[in-house]
Asker: 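The structure is given below, and queries will be raised subsequently.
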Amino acid sequence: MTNEVSPRAEDGKRTSAGPAVNSYTEWDPLREVVVGSLLGAVFPSWQESMKYTMPESAWPVLQELGGSPLPERHLKAAEAELDGLADVLESEGVRVLRPDAAPHQQPFRTPHWASAGGLYAAMPRDLLLVVGDAIIEAPMSWRCRHHEVDAFRPLIKSYFRRGARWLPAPRPQLTPELYQGADGAGHWAVTEFEPVFDAADFLRFGQDLIVQRSHVTNEFGIDWLRSALGPEFSVSVVETDDAHAMHIDATVTALAPGKLLVNPERYVHSELFEGWEILPAPSPTLPADWPMYFCSPWVSMNVLSIDPQTVVVERQERPLIEALTAWGFRCVPVDFRHVYSFGGSFHCVTLDTVREGGPGRYLSVPGR
């Protein structure tokens, strides 16, 4: 495991000795991955749009403690779980990279607003999207995450200098006009003022991507990504039944060609998956009193495919492990409940930069 970049990244010249980045699907054999870090993590600075996605029980904590360190004992346990995941992935033959340390507790401001601090570098899937040989930086709508990508910049620059494409989306202003449409009456928390999206609202199926419209992803952002990727890729919007929609990977998870794990409370059938096997995920086993600051227990289905036969699953999610095993998968159990508390699981905390395989078509996209 390393957080060092290649020596070639320091000479300022691009090289092309093999693909630095190559990842088209959620399931092809994994060869290199970035695993996030919770070191120095702080509570997010509150903004009103958060109430449409965050557990209501956590609102007072978030409103009061924005910019303050996350609970130390729980945080240390979660960071140990991230280290454990990195070790497991390395034992499976995957090269693991980690982000740089960053001053998440540092307050910052723009001409339009101020934030008491950042958040963390734990969830690279939220802010970066790998499509083929391209790394795309997401224009995120949470103000406290405005500089979160900085922890990953040395890695991104290294990939670029070794031949990857680097596509940062326009950095959003995040002024009140972006949020004024949220009224709790069926509207999203973000308007169409400027393009915004979280990368975790997208899933990759070769040259076909799906995306959900959510409280952090607007149509403007989806249109920008379509334009950036060009006509060789399709980007299809799918419906979900989730009043708190934010990140699709606890609603739909693609485990292998033709095999889809879905949240039975949120999934809405789409013709895109004609011919696919659909497995409703068993209910999460997380105790009701477990602290969950940023998400629901359904993060249990936020698994990571190492290859089309192998899936990383939380060790205590026995019903899910049994269901996946019966479906033909080898499950790799890893302790991860402390990470759950801070907003994600295995898919969220990773960015698969190198997988075997290339472009392909897996979905029944209308008109093709």
Side-chain angles (χ1 to χ4, degrees), residues 19 21-31 33 124-126 128-136 138 165 167 197-214 217 221-240 242 245 247-263 266-281 301-312 324 327-329 346-348 350-368:
V21 167
N22 184 78
S23 188
Y24 283 91
T25 73
E26 307 292 337
W27 60 76
D28 280 329
L30 184 61
R31 294 293 172 255
V33 69
R125 189 80 59 175
D126 293 1
L128 296 170
L129 177 65
V130 174
V131 180
D133 66 346
I135 300 178
I136 298 156
R165 291 187 296 145
L167 302 175
F197 61 82
D198 278 15
D201 271 329
F202 295 81
L203 288 176
R204 303 157 304 145
F205 299 76
Q207 290 166 271
D208 300 323
L209 284 74
I210 66 168
V211 60
Q212 69 170 2
R213 179 73 167 84
S214 78
T217 295
I222 296 168
D223 288 343
W224 180 89
L225 185 66
R226 283 198 186 101
S227 177
L229 291 177
E232 64 182 290
F233 291 89
S234 71
V235 181
S236 300
V237 178
V238 296
E239 297 297 323
T240 60
D242 184 5
H247 304 165
I248 197 172
D249 50 4
T251 298
V252 178
T253 305
L255 302 182
K259 290 193 171 185
L260 201 68
L261 180 69
V262 304
N263 185 322
R266 302 175 186 169
Y267 176 68
V268 176
H269 179 68
S270 169
E271 293 182 356
L272 292 168
F273 300 111
E274 192 68 35
W276 280 61
E277 296 179 51
I278 308 293
L279 177 66
M301 60 168 287
N302 187 263
V303 299
L304 176 69
S305 290
I306 296 178
D307 58 46
Q309 297 82 38
T310 310
V311 183
V312 181
L324 292 176
W327 212 17
F329 289 96
F346 304 109
H347 194 257
C348 296
T350 54
L351 182 73
D352 41 348
T353 53
V354 180
R355 288 185 182 268
E356 293 181 9
R361 301 286 190 185
Y362 298 91
L363 303 182
S364 300
V365 176
R368 188 171 66 202

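Here the structure is a predicted model, which is why all the values come from computation and not from measurement.
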Asker: As a quick check of understanding, evaluate side chain to side chain contact (heavy atoms under 4.5 Å, CB included) for Arg125 and Asp352, giving each step before the final call.
Answerer: CA-CA 9 Å; Arg125 189 80 59 175; Asp352 41 348; 2.8 Å; yes
Asker: Indicate the atoms forming the closest heavy-atom contact of Leu167 with Ala134, along with that distance.
Answerer: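 In this case the closest contact between Leu167 and Ala134 is CD1-CB, 4.1 Å.
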Asker: May I ask you to decide if Glu356's main-chain N or O and Arg31's side chain share a donor-acceptor pair within less than 3.5 Å?
Answerer: no
Asker: Counting heavy atoms not belonging to Glu239, are there more than 12 under 6.0 Å from its CD?
Answerer: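 No, CD of Glu239 has 12 or fewer neighbouring heavy atoms, counting only those of other groups under 6.0 Å.
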Asker: Would you sort out whether Phe197 and Ile136 count as a side chain to side chain contact (heavy atoms under 4.5 Å, CB included), showing the intermediate values?
Answerer: CA-CA 11 Å; Phe197 61 82; Ile136 298 156; 4.3 Å; yes
Asker: If you look at every heavy atom in Ala200 and Asp126, which pair is closest and at what distance?
Answerer: CB-OD1, 3.7 Å
Asker: What heavy-atom pair brings Gly357 and Asn22 nearest, and what distance separates the two atoms?
Answerer: O-ND2, 2.8 Å
Asker: Would you mind telling me which of Asp223, Ile222, Leu229 makes a side-chain contact (heavy atoms from CB on, under 4.5 Å) with Leu225?
Answerer: Leu229
Asker: How about Ser364 and Leu272: do any of their side-chain heavy atoms sit closer than 4.5 Å?
Answerer: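 Ser364 vs Leu272: side chains apart.
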Asker: Using the ring of each side chain (for Trp, its six-membered ring), is Tyr24 parallel, tilted or perpendicular to Phe233, with breaks at 30° and 60°?
Answerer: parallel
Asker: Could you give the side-chain donor-acceptor pairs of residues 248-262 under 3.5 Å, partners two or more places apart or in another chain?
Answerer:
from: Asp249; atom 1: OD1; to: Asn302; atom 2: ND2; distance (Å): 3.3
from: Asp249; atom 1: OD2; to: Asn302; atom 2: ND2; distance (Å): 3.2
from: Asp249; atom 1: OD2; to: His347; atom 2: ND1; distance (Å): 2.7
from: Thr253; atom 1: OG1; to: Met301; atom 2: O; distance (Å): 3.2
from: Lys259; atom 1: NZ; to: Trp327; atom 2: O; distance (Å): 2.7

Asker: With a 4.5 Å cut-off on side-chain heavy atoms, are Thr350 and Val312 touching?
Answerer: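 Val312 vs Thr350: side chains apart.
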Asker: Please give me the minimum heavy-atom distance between Thr25 and Gly206, naming the atom from each residue.
Answerer: CG2-N, 3.6 Å
Asker: So Ile135 and Val130, side chain to side chain contact (heavy atoms under 4.5 Å, CB included) or not? Walk me through it.
Answerer: CA-CA 5 Å; Ile135 300 178; Val130 174; 4.2 Å; yes
Asker: If you look at every heavy atom in Thr240 and Gln212, which pair is closest and at what distance?
Answerer: OG1-OE1, 3.1 Å
Asker: Is a donor on one side and an acceptor on the other found under 3.5 Å between the side chain of Ser236 and the backbone of Ile210?
Answerer: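 The answer is no, because no donor-acceptor pair under 3.5 Å joins these two groups.
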Asker: Does the side chain of Arg204 pick up a donor-acceptor pair with the side chain of Ser23 at under 3.5 Å?
Answerer: yes
Asker: Do Val235 and Phe202 come within less than 4.5 Å of each other through their side chains, counting heavy atoms only?
Answerer: yes
Asker: Could you tell me the separation between the CZ atom of Phe346 and the CG atom of Leu304, rounded to the nearest 0.5 Å?
Answerer: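 The CZ atom of Phe346 sits 8.5 Å away from the CG atom of Leu304.
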Asker: Before you tell me yes or no, could you show the steps for Leu209 and Leu129 under side chain to side chain contact (heavy atoms under 4.5 Å, CB included), namely the whole-Å CA-CA distance, both residues' side-chain angles and the distance that decides it to 0.1 Å?
Answerer: CA-CA 11 Å; Leu209 284 74; Leu129 177 65; 4.3 Å; yes
Asker: CG/Leu203 to CG/Asp208 distance, rounded to the nearest 0.5 angstrom?
Answerer: 12.5 Å
Asker: Using a 3.5 Å distance criterion without hydrogens, assess whether the side chain of Gln207 forms a donor-acceptor pair with backbone atoms of Arg361.
Answerer: no
Asker: Which heavy atom of Ser234 sits nearest to which heavy atom of Val365, and what is that distance?
Answerer: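 Shortest heavy-atom contact: OG-CG2, 3.8 Å.
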Asker: Which of these, Asp198, Asp201, Asp242, sits in a side-chain hydrogen bond (donor to acceptor under 3.5 Å, both in side chains) with Ser214?
Answerer: Asp201
Asker: For the backbone of Gly230 and the side chain of Arg226, can you confirm whether one donor and one acceptor N or O come within less than 3.5 Å of each other?
Answerer: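 No, because the side chain of Arg226 does not come within donor-acceptor range (under 3.5 Å) of the backbone of Gly230.
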Asker: Please tell me if the side chains of Phe273 and Tyr362 come closer than 4.5 Å, counting only heavy atoms from C-beta onward.
Answerer: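 With C-beta onward as the side chain, the pair stays apart.
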